[in-house]
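Everything on this sheet refers to the single structure shown next.
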Amino acid sequence: MAVTEPAPVELPPAHEGILRRQALRESAARTYARSLPIVPVRARGMTIEGADGRRYLDCLSGAGTLALGHNHPVVLEAVRKVIDSGAPLHVLDLATPVKDAFTTELFSTLPREFADNARIQFCGPAGTDAVEAAFKLVRAATGRSELLAFTGAYHGMTAGALAASGGATDVRVTRLPFPHRYRCPFGAGGERGADIAARWTEYLLDDPKSGVPEPAAMILEPVQGEGGVNPAPDGWMRRMREITRERSIALIADEVQTGVGRTGTFWAVEHSGIVPDVMVLSKAIGGSLPLAVIVYRSELDLWQPGAHAGTFRGNQLAMAAGAATLAYVREHRLAERAGTLGARMLAALQALSADHPSIGDVRGRGLMIGIELVDPEAGPPTVTAENGSAPPPDPALATAVQQECLRRGLIVELGGRHGAVVRLLPPLTLTDEQATAVVDRLADALRAAERSPYRRAAAGPTR
């Protein structure tokens, strides 16, 4: 009798096993891994290759961290140079040539009026720690504890930073209205809505019966990222600077995501021409490695030694990578490039709205772009003076679009109040051809998602 060989057992691909083990071992707090079930194994520039062999255009860029994309040659060279030199990789806050080079390059990119009278504090490796440091600094300098923050804000996940973010519940923060072109809280929109928001801020601060204690600082994002890619109007930014200066309130600009050329200027505050008292910087300043700092007016430098510290605030590899990234963005004028290419992408995406009523609004600045998706058949709409009616947001459609984008090899993120804003944060090295591919794949994904009979099942929070 002939011996029959057993049929080969088909094993699942290795990447499926990795994803399965991640789901079993990692916490329920994981986020990106839920909506982006890929296992990156190689990356260069804007392209990621998964363990399954598929390639993706990355429009998440480490949530804005990768100004030059993945594994840029100047970043790799800077890191190798430090490693090969035998320099110490961990030095706490001691002075090193690497740190000196990073600080010098960083200060050269800052608004001159600010940099000429500034101090820097190296913080823990995440932006949220830099926010905490900024709060400590202004409280120590002013003797006051209260803070002013804005609806829709996001400043991090540690206790103090989270308290200043839009989803906080138990806080020592006065929440102010952030101007919103599409969903104006006053039903006005545009310059009129921004003016009302500024007037309300002044009224609260000057009314002795408002219940708002004298604050130590106001913290704001020049463009709200997680809040739905909402750019602050330049005129309103200047009003906030006037309001805070006249009342001796420190103004903190959170440039964690907007910095290093992303919005079309090296720092987003440059659009309005304001000079803040404190700038919070992280993400792209580390050239893809963990680094966070605050830079502030020297007059605020009143805290005692050790007032804010951290074991990993001397990350030499991140400083080397960061200095190389800052220099490359500056020398190759990538901020200007981001402004030009971002405007072109915004126009192309806005043109799609003529054929897609589900596109409620397309907004952004530079290569920080958001597309708010709505359900035009649901009601009642929100009325604004600038845009007429705004239908309710459609988070289910946004989730379906994100999934369809992934099927087409495009990685995008969601944000906004209801997770209904598709966010694009491509690297500043994005080529014209890649920009066209991003718009084309997103348009195709939107058409497929609109046809999907299952998208309603995806309704609900995405985070």
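Note that this is a predicted model, so its numbers are computed, not measured.
Applying the salt bridge (charged side-chain N to carboxylate O under 4.0 Å, His left out) test to residues at least two apart or on different chains, none of the pairs has a partner in residues 58-78. The salt bridge (charged side-chain N to carboxylate O under 4.0 Å, His left out) pairs that include a residue from residues 341-356 are Arg344-Asp432, where partners are two or more places apart or lie in different chains. The stretch residues 92-102 participates, sequence neighbours left out, in these side-chain hydrogen bond (donor to acceptor under 3.5 Å, both in side chains) pairs: Asp93-Arg313, Thr96-Gln316. For residues 229-238, the pairs satisfying salt bridge (charged side-chain N to carboxylate O under 4.0 Å, His left out) are Asp234-Arg365, with sequence neighbours left out. A ring pair (Phe, Tyr, Trp, His ring centres under 6.0 Å) check over residues 212-236, counting only residues at least two apart or in different chains, returns the pairs Phe150-Trp236, Phe178-Trp236. Under the salt bridge (charged side-chain N to carboxylate O under 4.0 Å, His left out) criterion, the residue pairs touching residues 116-131 are Arg112-Asp116, with sequence neighbours excluded.
In this structure, the side-chain contact (heavy atoms from CB on, under 4.5 Å) partners of Thr65, at least two apart in sequence or on a different chain, are Lys283. Residues meeting the ring-ring contact (aromatic ring centres under 6.0 Å, His included) test with His72, sequence neighbours left out: Tyr328. Partners of Glu49 according to the side-chain contact (heavy atoms from CB on, under 4.5 Å) rule, which considers only residues two or more places apart in sequence or in another chain, are Arg42, Arg55. Val439 meets the side-chain contact (heavy atoms from CB on, under 4.5 Å) test with Met345, Ala348, Leu349; sequence neighbours excluded. The ring-ring contact (aromatic ring centres under 6.0 Å, His included) test applied to Tyr203 returns Trp200, not counting sequence neighbours. In terms of the side-chain contact (heavy atoms from CB on, under 4.5 Å) criterion, residue partners of Ala134 (sequence neighbours excluded) are, by chain and number, Ile252, Val278, Val280, Ile294.
A donor-acceptor contact closer than 3.5 angstrom is absent between the side chains of Gln121 and Asp301.
With hydrogens and angles disregarded, a donor-acceptor distance shorter than 3.5 Å links the side chain of Gln257 to the backbone of Ala63.
For CZ of Arg337, the number of neighbouring non-hydrogen atoms (other residues, nucleotides, ligands) closer than 6.0 Å is greater than 12. Crowding of Glu331 atom CD: a count of heavy atoms from other residues, nucleotides or ligands under 6.0 Å exceeding 12.
Ring geometry, Trp303 versus Tyr296: the interplanar angle exceeds 60°, so the pair is classed perpendicular (tilted spans 30 to 60°).
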